[in-house]
Amino acid sequence: QYTVTVNPKPTITISGNKEICAGGSAKLTVSPQGATYKWSNGSTARTASFDNLLDDTDFWVEVTLNGCTDTYNGTITVHPIPVAEITTNTGKTTVCRGESITLTASGGTTYLWQHDGTRSASVTVTPKADATYSVQVIGDGDCKTTASINITVLDLPNAKITADKTTVCEGDDVTLSASDGVRWQWYKGNDVIPGAIDQHYTITGAAYGSTTYSVEVYNANNCMVRTS
């Protein structure tokens, strides 16, 4: 009589991060303990590290316990790092002082703006000085990257009006002069004066009474101020 003892093959389980972001490392631990191990990357430890992965990577581990061997085959899923970008609603990275600009991030599924904690793709900002705005962009697999944009604040023109006369009688001509700029538009009350686009505007035959004139002054940055 001869007794044959049949040992079971080891029941293999894998723990660890089998989903990572591109360029990251996956640390995998195999069970059961107390066995001998052989991984596809050459490691013979119970825990193996697969480093700097850029694409999905297949792996295997061979486990021997009580003379019996079995093999586990698996895949490490590698998620890409988001390709993040910030654009503006104007297509420019400059604003005139006091103006707002909308920034829109792309490349991810969720977003976190670092200047105010906004959790949306777009934010509207009114910078008082040159500023850098950054957003954390989160994509598949919770993979993250950060994008930044520099916004430059342009000065406004110093808009004012002077006249060639301090006292005007009914029927007189009077010439109004705007401060220096590169472009102008004159108004009578709230109405645009057609063709009045020079630095100087002459009122011919001033009518009796009070009339308000104003002018829009544009500087070389195309920033505008209208006199009040």
Side-chain angles (χ1 to χ4, degrees), residues 13-31 39-41 43 47-61 72-159 181-183 216-226:
T13 59
I14 299 290
S15 60
N17 53 334
K18 288 191 287 184
E19 288 195 37
I20 64 171
C21 300
S25 297
K27 294 187 182 299
L28 305 179
T29 300
V30 62
S31 293
W39 293 83
S40 53
N41 66 351
S43 175
T47 297
S49 181
F50 295 80
D51 301 322
N52 300 317
L53 301 183
L54 299 177
D55 299 297
D56 291 355
T57 300
D58 295 329
F59 71 93
W60 53 261
V61 58
Y72 178 99
N73 295 283
T75 299
I76 300 167
T77 300
V78 180
H79 297 282
I81 300 296
V83 179
E85 183 183 17
I86 301 174
T87 56
T88 69
N89 62 317
T90 63
K92 301 177 182 179
T93 57
T94 58
V95 292
C96 298
R97 192 173 304 279
E99 288 185 346
S100 298
I101 189 169
T102 298
L103 313 177
T104 300
S106 60
T109 54
T110 57
Y111 305 89
L112 175 60
W113 291 90
Q114 297 180 2
H115 68 284
D116 66 356
T118 296
R119 293 180 177 273
S120 64
S122 297
V123 292
T124 299
V125 296
T126 309
K128 295 181 180 179
D130 295 355
T132 299
Y133 295 93
S134 299
V135 61
Q136 186 181 68
V137 179
I138 303 113
D140 293 340
D142 202 36
C143 296
K144 303 176 178 68
T145 190
T146 298
S148 297
I149 189 170
N150 297 318
I151 301 297
T152 301
V153 177
L154 304 175
D155 288 331
L156 299 173
N158 180 23
V182 297
R183 186 159 55 94
E216 291 176 344
V217 180
Y218 294 80
N219 62 15
N221 294 322
N222 203 37
C223 293
M224 182 273 290
V225 171
R226 181 174 170 180

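- Tested against Ile151, the residues Thr94, Ile86, Leu103 include a single side chain to side chain contact (heavy atoms under 4.5 Å, CB included) partner, Leu103.
- Annotation for Asp155 and Arg97: closest pair OD1-NH2, 2.7 Å, computed over non-hydrogen atoms.
- Heavy atoms of other residues, nucleotides or ligands lying less than 6.0 angstrom from CZ of Arg119 number 12 at most.
- Thr104 places no side-chain N or O within donor-acceptor distance of the main-chain N or O of Ala121, the cut-off being under 3.5 Å.
- Side chains of Thr152 and Asp130: a donor-acceptor N/O pair is absent below 3.5 angstrom, by distance only.
- Taking CD of Glu216 as the start and CE of Met224 as the end, the distance is 4.0 Å to the nearest 0.5 Å.
- Side-chain N or O atoms of Thr75 include none that pairs as donor or acceptor with a backbone N or O of Thr77 at under 3.5 Å.
- The minimum heavy-atom distance linking Thr118 with Ser122 is given by the pair CG2-O, 4.3 Å.
- Residue pairs meeting the disulfide bond (SG atoms under 2.5 Å apart) criterion with at least one member in residues 105-142, sequence neighbours excluded, do not occur.
- For the residue pair Val78 and Asp56, the shortest heavy atom distance occurs at N-OD1, 2.8 Å.
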Next item on the list: Applying side chain to side chain donor-acceptor pair (under 3.5 Å), run through Asn41 and Ser43 and close with a yes or a no.
Entry: CA-CA 6 Å; Asn41 66 351; Ser43 175; 4.7 Å; no
Checklist line | Audit row: Ile149, Thr88, side-chain contact (heavy atoms from CB on, under 4.5 Å) steps and yes/no | finding: CA-CA 9 Å; Ile149 189 170; Thr88 69; 3.8 Å; yes
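- Using bins of under 30°, 30° to 60° and over 60° for the plane-to-plane angle, the ring pair His115/Tyr133 lands in the perpendicular bin.
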Next item on the list: I would like to know whether Asn219 and Leu154 meet side-chain contact (heavy atoms from CB on, under 4.5 Å); could you show each step before the answer?
Entry: CA-CA 10 Å; Asn219 62 15; Leu154 304 175; over 6 Å; no
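- For the atom pair OG1 of Thr47 and NZ of Lys27, the computed distance is 9.0 Å after rounding to the nearest 0.5 Å.
- Using a 4.5 Å heavy-atom cutoff, the side chains of Arg183 and Asn222 are in contact.
- Looking at Thr90, its side chain does come within 3.5 Å of a backbone N or O of Lys92 through a donor-acceptor pair.
- When every heavy atom of Thr126 is checked against every heavy atom of Glu99, the shortest pair comes out as CG2-O, 3.3 Å.
- Residues satisfying the ring-ring contact (aromatic ring centres under 6.0 Å, His included) criterion with Tyr72, sequence neighbours excluded, are absent altogether.
- To the nearest 0.5 Å, atom OG1 of residue Thr146 and atom CD of residue Gln136 are 5.5 Å apart.
- What you find for Cys143 and Pro80 is that their closest heavy atoms are CB-O, 3.7 Å.
- The two residues Gly117 and Leu112 make their nearest non-hydrogen contact at O-CD1, 3.6 Å.
- Rounding to the nearest 0.5 angstrom, the gap separating the CG atom in Asp51 from the CG atom in Leu53 is 7.0 Å.
- Side-chain N or O atoms of Ser40 include none that pairs as donor or acceptor with a backbone N or O of Phe59 at under 3.5 Å.
- Partner of Val125 under the side chain to side chain contact (heavy atoms under 4.5 Å, CB included) criterion, out of Ile101, Val95, Thr102: Ile101 alone.
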Checklist line | Working for side-chain contact (heavy atoms from CB on, under 4.5 Å), residues Ile20 and Phe50 | finding: CA-CA 10 Å; Ile20 64 171; Phe50 295 80; over 6 Å; no
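- Arg226 places no side-chain N or O within donor-acceptor distance of the main-chain N or O of Val217, the cut-off being under 3.5 Å.
- A donor-acceptor pair is defined here as one N or O able to donate and one able to accept, closer than 3.5 Å; no such pair exists between the side chain of Asn221 and the backbone of Pro157.
- Partners of Tyr218 by ring-ring contact (aromatic ring centres under 6.0 Å, His included), not counting sequence neighbours: none found.
- How far CG of Asp140 is from OG1 of Thr109: 6.5 Å, rounded to the nearest 0.5 Å.
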Next item on the list: Check the pair Asn150, Thr93 against side-chain contact (heavy atoms from CB on, under 4.5 Å), reporting the backbone distance first and the verdict last.
Entry: CA-CA 7 Å; Asn150 297 318; Thr93 57; over 6 Å; no
